[in-house]
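Structure first, then comments.
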Amino acid sequence: MVTIDQPAQMRAWASQEKRAGRRIGLVPTMGYLHEGHLSLVRLARQNADVCVASLFVNPLQFGANEDLDRYPSDAEGDRAKLESESVDVLYAPTAEAMYAPGYQTRVSVNEVTKRLCGAGRPGHFNGVTTVVSKLFHAVCPDVAVFGEKDYQQLATIRRMVRDLDWGIEIVGGPIVREADGLAMSSRNAYLSEDEREAALALSRSLGEARRAYRSGERGGEALLEKVRSVLTAEPLLEVEYAELVDPETFDPVSEVGEGALLALAVHVGKTRLIDNALLAAA
Ligand code: AMP
């Protein structure tokens, strides 16, 4: 595995691969890798000839009172995991290389980012679309893989690629969970034992709603009531949002028609966790 830390070097590598006719796959990450990330690497390898994993904790997507300064990292562990998945390039640009003094350009997607995480984290998606644009221009991927865990991010990136005619295939990877149901996340490392136990209510609440959906319930309020009753029973949790939305536009829906996304953001102590479930006709 080669490590590259400069955008120009990354682009040079990519153009060599293109000339050789190879399809490039990209998996953007912020590091502290877990099985969820590695499942995306495997998907990228299935969909491309060569695979790039990027590792960059992007300051632009963190709010002033968020966890940028304490975001977990394990450079050596990440490197070993990516090596063992036969990743070809680890692209780990420095903050200086990404945002040189005087940097002032943003890429933004306006509608799909308005609600849910966009409402709770102003500027977050702007930071995401900006950094992903820069990663796309450095790596020149034919295919890029993102997790359904961050479903609004996935929808935003699909929209950006379509709107800007970039012709990059965007593949979504299913949520990878711990054995007890907790969605894997680098931020799970922040949880105390009690908080981790309480956090199980997220996946449990989605499970309750899914069961009701399978038994024929299609009403948004009834499904959300199932979710809220599980979440509010946990004193350590504070619900930021629990909503039923269209999985492409993220507009709220009052009924599950063709399909709808149940999306949650919940604070467990100082840690903000998200999870979701796609309810769709089989
Ligand atoms: P992050 O490092 O948290 O920015 O995540 C990098 C990528 O991994 C994003 O596309 C996430 O959606 C994805 N991801 C994070 N956690 C999971 C998970 N539990 N299952 C699947 N994908 C995930």
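Atoms within a ligand are numbered from 1 in the order they appear, just like the ligands themselves.
Between the side chain of R23 and the backbone N or O of V50 there is no donor-acceptor pair closer than 3.5 Å. No side-chain donor-acceptor contact under 3.5 Å links N47 to the backbone of V143. A donor-acceptor pair is defined here as one N or O able to donate and one able to accept, closer than 3.5 Å; no such pair exists between the side chain of T130 and the backbone of R106. Listed for the E225 side chain is no donor-acceptor partner under 3.5 Å among the backbone atoms of A222.
Remark: ligand 1 and A183 share no N or O pair separated by less than 3.5 Å (distance only, no angle test). Checked by distance only, ligand 1 and M30 come closer than 3.5 Å through their nitrogen or oxygen atoms. Polar contact with ligand 1: absent for K149 (N/O pair, distance under 3.5 Å). Among the atoms of E148, none of the N or O lies under 3.5 angstrom from an N or O of ligand 1. Among the atoms of G147, some N or O lies under 3.5 angstrom from an N or O of ligand 1.
Ranking protein heavy atoms by distance to atom 7 (C) of ligand 1, first place goes to P28 O, 3.6 Å.
Within ligand 1, counting atoms from 1 as listed, the ones closer than 4.0 Å to a heavy atom of T29 are 2 (O), 6 (C). The distance from ligand 1 to the heavy atoms of I175 drops below 4.0 Å at these ligand atoms: 20 (N), 21 (C). Interface of F146 with ligand 1, defined as ligand atoms under 4.0 Å from a residue heavy atom, comprises 10 (O). Each of the atoms 11 (C), 12 (O) of ligand 1 lies under 4.0 Å from some heavy atom of D150.
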Check your understanding: Does the salt bridge (charged side-chain N to carboxylate O under 4.0 Å, His left out) test come out yes or no for R196 and D180, once each step is laid out?
Key -> CA-CA 11 Å; R196 193 184 173 306; D180 58 8; 2.9 Å; yes
Practice item. Let me see the working for R22 and E17 under salt bridge (charged side-chain N to carboxylate O under 4.0 Å, His left out), right down to the final yes or no. Key: CA-CA 5 Å; R22 284 190 278 271; E17 294 301 309; 2.5 Å; yes
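Using a 3.5 Å distance cut-off with no hydrogens or angles, the side chains of T3 and R79 do pair a donor with an acceptor. Y32 and N188 share no donor-acceptor pair across their side chains, judged by distance under 3.5 Å alone. A donor and an acceptor atom, one from each side chain of Y190 and D67, are located under 3.5 Å apart.
At a 4.0 Å heavy-atom cut-off, ligand 1 does not touch S186 at all. Only the side chain of Q153 comes within 4.0 Å of ligand 1, counting heavy atoms alone; its backbone N, CA, C and O stay farther away. At a 4.0 Å heavy-atom cut-off, ligand 1 touches L40 through the side chain alone. Contacts of S185 with ligand 1, taken as heavy-atom pairs under 4.0 Å, are absent altogether.
Under the 4.0 angstrom criterion for non-hydrogen atoms, R177 is not in contact with ligand 1.
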